[in-house]
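Worksheet for the structure shown next.
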Amino acid sequence: MKIFVASLPFEIDDSELKGFFEPFGEVSSAKVIVDKATGRSRGFGFVDMPDEGMAKAAIAQLDGADVDGRTIVVKESEKQ
DNA sequence: TATGAGCGA
């Protein structure tokens with residue numbers, strides 16, 4: 001299941017993003033989107049978890065979580 | 001800060 005994560009702190013990178021989801025189950029991939037024109041984080045990213053149940057559990061636990069003083073948004077991706 | 005990038009293993 002593909003997961004969309006928004007409102008991420010700019011300091012977050014792929015490894016840290018993956019670290020947030022790993023406690024809930026296997027994470028097949030995690031990527032923080034970076035503006036290739038400026039090289040800065042866009043403040044959102046994607047995580048893919050093969051197990052839907054684990055993915056939904058992760059979403060439920062991480063959506064609205066406070067990270068570095070910022071409330072992140074975690075939801076199922078809109079696109080495949 | 002709100003839906004992507006990848007050309008190599």
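Predicted model only: the values in this text are computed from it and were never measured. Values below: all heavy atoms of this structure, side chains included; hydrogens, waters and symmetry mates excluded. All chains are named by letter (A, B, ...) in the order of the sequence lines, taking the proteins before the strands, and each is independently numbered beginning at 1.
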Value in whole Å for how far the P atom of B/dA5 lies from CG of A/Leu17:
16 Å
Under 3.5 Å, which donor-acceptor pairs do the side chains of residues 41-49 of chain A form with other protein atoms, sequence neighbours left out?
residue	atom	partner	partner atom	Å
A/Ser41	OG	A/Gly43	N	3.0
A/Asp48	OD1	A/Lys2	N	3.4
A/Asp48	OD2	A/Ser28	OG	3.0

Would you kindly give the CD1-to-P distance between A/Ile3 and B/dT3, to the nearest whole Å?
17 Å
Side chain of A/Ser77, heavy atoms from C-beta onward: which of B/dA2, B/dG4, B/dT3 has the nearest atom to it?
B/dT3
Give the rounded distance in Å between these two atoms: CZ of A/Phe4 and C1' of B/dT3.
5 Å
Okay, side chain of A/Asp14, backbone of A/Val32: is any donor-acceptor separation there less than 3.5 Å?
yes
On a heavy-atom basis, which atom in A/Ile59 and which in A/Met1 lie closest, and how many Å separate them?
CD1-SD, 4.4 Å
When hydrophobic residues are tied together by side-chain contacts of less than 4.5 Å, even through go-betweens, does A/Ile12 share a cluster with A/Phe4?
no
In residues 27-48 of chain A, which residues come under 4.0 Å of DNA chain B by heavy atom?
A/Lys31, A/Ile33, A/Arg42, A/Phe44, A/Phe46
If I compare all heavy atoms of A/Phe20 with all of A/Leu62, which pair ends up nearest, and what's the gap?
O-CD1, 3.5 Å
Hydrophobic cluster identity match, A/Val67 and A/Ile33, side-chain contacts under 4.5 Å
no
